[in-house]
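Before any comments, here is the structure.
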Amino acid sequence: MTNKGQSALSTEMKRKNRATVIVWMVLRILVIGIAIRSAFAQQWESLFTCLLTLVLFMTPSFVERKLHIKLPTLLEITVLIFIFCAEVLGEIACFYIKYPLWDTMLHTINGFLFAAFGFCLVDLLNENHNIKFRLSPNFLALVAFCFSMTIGIFWEFFEFSMDHLFALDMQKDTLLAEFQSVTLDETRQNIPIAVQKITRTIIETADGKQIILDGYLDIGLTDTLKDLFVNFIGAAVFSAIGRIYVQQRGKHSIAAAFIPVVAQEKAKEPEGLLQYEKKAPQAKPQG
């Protein structure tokens, strides 16, 4: 690392809370170790995931610099651990397969975090006296909720696209014991026909290969709706907390631990997100 890079890293670390620095360093060392092991084992996909994780670890600092805000310690640590759990534990350690509730937990936290981010974006505008922009606590909570749900929907679009364009399986399949379908209605009168107590499904391909399953294979639909539902829960929980925070402004410790604030050194002259054009006052005509 160059002297300039070391200086930048040192400055960044001094600005951080001690707990944040410890978590960041520990997770970074773990990821670098896994990346080295993956390189020696020629596991290129795992190596790419590790490199992506290291880049994502810089996201909180990047957001702080660009928006001139200060992320609360608990929020920043939660984001770092979330990235590690999603990328390293979820993908490389296969926690998504080993622990069915792992994906559900992460999508719930995802809904919570993006509601916090959406809430922050609007609340910073609300609190900027140079911008005529004011939302009621109820509407502010609604905007945060809708922002989080929109991100959740776009993520499901991304999973669907990756599965169909690159033959992946990001939308995990579910084995069902029953389902209803109007396709099975021979009368063509749109009557759902129930298929219950499914114990075995046989899939036969054109080359004669047979795959036997212990139920009906749902192709991603159950997983998608479950992800959106838990995203809904996470977003709703934070939106409710954020609403209380606005009403009590700074007195609600739970919300304050997850809501970024304008950095003090930039509070008087916000830029980036809060940038606006200042117009010089026009001189009054004489006479």
Side-chain angles (χ1 to χ4, degrees), residues 1-41 43-96 99 102-103 105-121 124 147-148 151-152 154-155 158-159 162 170 227 231 234 238 257-263 266 272-273:
M1 182 180 292
T2 63
N3 292 334
K4 183 177 181 181
Q6 291 177 340
S7 176
L9 180 61
S10 176
T11 302
E12 183 69 19
M13 290 300 98
K14 289 179 181 179
R15 192 174 61 84
K16 296 290 185 182
N17 178 278
R18 179 180 176 85
T20 304
V21 174
I22 293 175
V23 172
W24 185 83
M25 290 297 295
V26 170
L27 294 180
R28 194 164 181 261
I29 291 172
L30 289 174
V31 174
I32 292 175
I34 296 172
I36 294 173
R37 186 195 66 180
S38 300
F40 278 109
Q43 297 172 342
W44 308 123
E45 185 175 348
S46 296
L47 177 60
F48 173 78
T49 301
C50 288
L51 296 178
L52 175 62
T53 302
L54 292 175
V55 172
L56 293 176
F57 278 166
M58 296 187 292
T59 302
S61 298
F62 176 80
V63 171
E64 284 185 323
R65 289 196 302 271
K66 289 299 181 180
L67 301 185
H68 302 300
I69 60 178
K70 179 68 177 69
L71 298 180
T73 299
L74 182 57
L75 174 62
E76 190 163 3
I77 291 177
T78 302
V79 170
L80 293 174
I81 294 177
F82 176 84
I83 294 171
F84 182 81
C85 290
E87 296 298 326
V88 177
L89 297 182
E91 297 292 346
I92 298 178
C94 301
F95 274 32
Y96 289 129
Y99 307 103
W102 191 257
D103 184 59
M105 176 191 70
L106 291 180
H107 274 280
T108 305
I109 298 174
N110 180 75
F112 186 92
L113 291 178
F114 274 107
F117 186 69
F119 185 94
C120 161
L121 293 179
L124 290 180
F147 180 85
S148 178
I151 296 298
F154 274 109
W155 177 255
F158 172 75
E159 288 189 347
M162 295 299 288
M170 297 185 69
D227 290 346
N231 192 106
F238 185 87
F258 287 97
I259 297 179
V261 295
V262 177
K266 294 292 182 179
L273 170 68

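All residue numbers refer to positions in the sequence shown, counting from 1. Here the structure is a predicted model, which means the values were calculated and not measured.
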Q. With a 4.5 Å limit on heavy-atom distance, are the side chains of Leu89 and Tyr96 in contact?
A. no
Q: Could you tell me which residues satisfy side-chain contact (heavy atoms from CB on, under 4.5 Å) with Glu159, sequence neighbours excluded, listed by chain and number?
A: His107, Trp155, Glu156, Met170, Gln171, Asp223, Asp227
Q. So how far is it from Asn110 CG to Leu106 CG, rounded to the nearest 0.5 Å?
A. 8.5 Å
(Q) Is the shortest side-chain heavy-atom distance between Glu87 and Ile92 below 4.5 Å? (A) no
**Q.** Residue pair Ala19 / Thr73: nearest heavy atoms and the distance that separates them
**A.** CB-CG2, 4.3 Å
Q: Taking the side chain as every heavy atom from C-beta outward, state whether Phe84 and Leu80 have any atom pair closer than 4.5 Å.
A: no
**Q.** From Glu76 atom CD to Thr20 atom OG1, the distance as rounded to the nearest 0.5 Å
**A.** 5.0 Å
Q: Find the distance between CD1 (Ile81) and CH2 (Trp24) and round it off to the nearest 0.5 Å.
A: 15.0 Å
**Q.** Any donor-acceptor pair under 3.5 Å from Glu64 side chain to Leu71 backbone
**A.** yes
Q. Rounded to the nearest 0.5 Å, what separation is found between the CG atom of Leu56 and the CZ atom of Phe82?
A. 10.0 Å
**Q.** Residues which pass ring-ring contact (aromatic ring centres under 6.0 Å, His included) with Phe238, listed by chain and number, not counting sequence neighbours
**A.** Phe112, Phe119
Q: Could you pull out all residues at least two apart from Phe57 that satisfy ring-ring contact (aromatic ring centres under 6.0 Å, His included)?
A: none
**Q.** Shortest non-hydrogen contact between Ala257 and Pro72, atoms and distance
**A.** O-CB, 3.2 Å
Q) Minimum heavy-atom separation for Gly118 to Phe147, with atom names? A) CA-CD2, 3.5 Å
Q) Got a second to check how far Met105's CE is from Phe95's CZ, nearest 0.5 Å? A) 9.5 Å
Q: Check whether any side-chain heavy atom of Val63 sits under 4.5 Å from a side-chain heavy atom of Ile69, and report yes or no.
A: yes
Q: Report yes if the side chains of Thr49 and Ile34 come closer than 4.5 Å at any heavy-atom pair, otherwise no.
A: no
(Q) Assess the residue pair Leu51 and Val31 against the criterion (side-chain contact (heavy atoms from CB on, under 4.5 Å)); give the C-alpha distance rounded to whole Å, side-chain angles, the decisive distance to 0.1 Å, and a yes or no. (A) CA-CA 8 Å; Leu51 296 178; Val31 174; over 6 Å; no
Q. Which atom pair, heavy atoms only, marks the closest approach of Ser38 to Ser46?
A. OG-CB, 3.5 Å
Q | Within-4.5 Å side-chain heavy-atom neighbours: Ile32 and Leu54 | A | yes
Q: With rounding to the nearest 0.5 Å, note down the distance linking SG in Cys85 to CG in Asp103.
A: 12.5 Å
Q) Mind checking whether Tyr99 and Trp102 have parallel, tilted or perpendicular rings, split at 30° and 60°? A) tilted
